[in-house]
Amino acid sequence: MQKAMEKRRRCSNLLAVAALALVAAMLPPSGEAKLSPDYYRSTCPDVEAIVRAVVAKKVKETFVTVPATLRLFFHDCFVEGCDASVIIASRDNDAEKDAPDNVSLAGDGFDTVVRAKAEVEKECPGVVSCADILAIAARDVVAMSSGPHWAVELGRLDGLVSKAVGVAGRLPGPDMRVADLAALFARHNLTTLDMVALSGAHTVGFAHCTRFTGRLYRHGAVGAGAHAVDPSYDPAYARQLMAACPPDVGETIAVDMDPITPTAFDNAYYGNLARGMGLFTSDQALHTDGASRPAVRDFAGNQTRFFEAFKDAMVKLGRVGVKTGRHGEIRRDCTAFNKKIEASSRRLHN
Ligand code: HEM
Ligand SMILES: *[C@@H]1O[C@H](CO)[C@@H](O)[C@H](O)[C@H]1NC(C)=O
Ligand SMILES: *[C@@H]1O[C@H](CO)[C@@H](O)[C@H](O)[C@H]1NC(C)=O
Ligand SMILES: *[C@@H]1O[C@H](CO)[C@@H](O)[C@H](O)[C@H]1NC(C)=O
């Protein structure tokens, strides 16, 4: 009796495995996942309302939530794809968020996702990925700072890999030129127009002095005739930045990236570039370089056009490296793999 039941169970297990293999074979490979705005319609119909409520509360507590969440989404998608790999916490400090670029990822972005996940789990446990929650939250913070609103595609799984060593070379640096920025974005099927539109995210948020003091105090070659200040800065803006950021300032001081309307998601960023008020070399270059200047002028002159391009580009950004099938899971805790597979990050260190 016992034996017969066991046999039957084994048999149905086999069937289940065969069925799973069939389903897996039919699923598109990672990167071509079929995302859709109503992915959770039957499994978690209120997910967007739940996330929005958490984000609204958090934004009310601190505005930093807006830039922190938006940037977190960007960094997540550019390293290992949009799979919440950036949220993994590692005991050995060797996860994605521990890479040198992490200093700038404000804790409020992580906190927003973790809090939203907790609320979503109460309603629909084990159903919604952290990657999707981050995508929804990134959309919401833009809308909540008077930016555009768009339908977020959903259906991402959370990734199984998060390593600091995977970050180098994947994220743009503040000293990069347009050709290099464009090449970096092109790796993810994002055009120069997408890149210019996404850079408009710098209309909100803060940058640490160390990211641009080279432009204020050490511009050009050392020696006679060298400019100490990058001449592409508007002089009054440069003076303002020098006052905020003395030459040997530490990591603690940060300035608004859009000094005109720092807490509004608007097109002021592009108008600033035309006046020599781009904070980073990478910002100002968008106006200097002929490959990107037409888009900068277009967005500076018409906020609707910026919003349309930004929405399109965010949807495309959200499709980068999406995980499906055995390449992902629905994490229970956004900061840890379900099986705490930290082995993958440790392996790379050996
Ligand atoms: C185009 C190339 C880009 C470069 C070179 C770049 C570089 C930077 C740097 C150096 C900072 C300052 C970090 C700090 O000092 O704390 C920053 C901040 C920020 N970036 Fe970018 N970024 C780029 C594109 C993007 C994109 C595509 C997005 C989002 C769609 C984005 C969103 C943000 C936000 C919101 C902040 C402010 C973060 C905060 O206040 O916590 N950036 N970026
Ligand atoms: C950021 O990275 C540095 C080393 O690159 C590490 O010492 C620090 O703890 C990290 N910070 C966070 C908040 O993860
Ligand atoms: C790249 O973008 C184009 C145009 O937006 C789209 O048609 C194409 O399917 C995308 N390819 C990938 C691999 O995402
Ligand atoms: C701004 O762009 C939109 C979309 O292309 C267009 O409908 C509108 O007329 C433009 N507004 C101005 C003032 O040019």
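Whatever order the structure lists them in is the order used to number ligands and atoms, beginning at 1. The residues of the chain are indexed from 1 along the displayed sequence.
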Look only at interatomic distance and state if [X] has a nitrogen or oxygen under 3.5 Å from any nitrogen or oxygen of ligand 1.
X: His202; value: yes
X: Pro174; value: no
X: His208; value: yes

Under 4.0 Å to a heavy atom of [X] - the qualifying atoms of ligand 1, by number:
X: Ser282; answer: 5 (C)
X: Leu181; answer: 2 (C)
X: Gly205; answer: 37 (C), 40 (O)
X: Leu198; answer: 26 (C), 27 (C), 28 (C), 30 (C)

ask   = Which other residues belong to the hydrophobic cluster containing Val64, where Ile, Leu, Val, Met, Phe, Trp and Tyr are joined when side-chain heavy atoms lie under 4.5 Å apart, directly or via other members?
value =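 Listed partners: Phe206.
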query = So, do Phe78 and Phe73 have ring centers that fall under 6.0 Å from each other?
reply =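 No, they do not, as the ring centres are separated by 6.0 Å or more.
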Residue pair Arg305, Glu308: steps toward the salt bridge (charged side-chain N to carboxylate O under 4.0 Å, His left out) verdict = CA-CA 5 Å; Arg305 312 240 327 136; Glu308 291 303 320; over 6 Å; no
Within reach of ligand 1, part of [X] (heavy-atom separation under 4.0 Å):
X: Ala207; result: both
X: Met257; result: side chain
X: Phe280; result: side chain
X: Val66; result: neither

Any side-chain donor near an acceptor of the partner, [X] and [Y], under 3.5 Å:
X: Asp108; Y: Thr65; answer: no
X: Asp132; Y: Tyr39; answer: no
X: Tyr237; Y: Asn272; answer: no
X: Thr191; Y: Asp194; answer: yes

Would you indicate which of [options] comes nearest to [atom] when only heavy atoms are counted?
atom: atom 1 (C) of ligand 1; options: Gly173, Ser199, Ala182; answer: Ser199
atom: atom 2 (C) of ligand 1; options: Pro172, Gly109, Cys77; answer: Pro172
atom: atom 26 (C) of ligand 1; options: Phe74, Phe212, Phe78; answer: Phe74

Show the atom names and distances, to 0.1 Å, of all donor-acceptor pairs under 3.5 Å that link a side chain in residues 44-53 to residues at least two apart or in another chain.
{"residue": "Glu48", "atom": "OE1", "partner": "Arg139", "partner atom": "NH2", "Å": "2.7"}

request  = Could you pull out all residues at least two apart from Arg41 that satisfy salt bridge (charged side-chain N to carboxylate O under 4.0 Å, His left out)?
outcome  =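 Scan of Arg41 (salt bridge (charged side-chain N to carboxylate O under 4.0 Å, His left out), adjacent residues dropped) gives Asp38.
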query = Are Asp83 and Asp158 side-chain neighbours, meaning at least one heavy-atom pair lies under 4.5 Å?
reply =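 Side chain of Asp83 against side chain of Asp158, heavy atoms only: no contact under 4.5 Å found.
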Ionic contact status for Arg115 with Asp111, cut-off 4.0 Å =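 Between Arg115 and Asp111 there is a salt bridge, with a charged N closer than 4.0 Å to a carboxylate O.
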message = Using modelled atom types and a 3.5 Å cut-off, is there a donor and acceptor pairing between side-chain atoms of Arg215 and backbone atoms of Asp175?
response =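 Here the side-chain-to-backbone pair does not exist.
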inquiry  = Can you work out which protein residues put a heavy atom within less than 4.0 Å of ligand 4?
reply    =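 Residue list for ligand 4: Asn302, Arg305.
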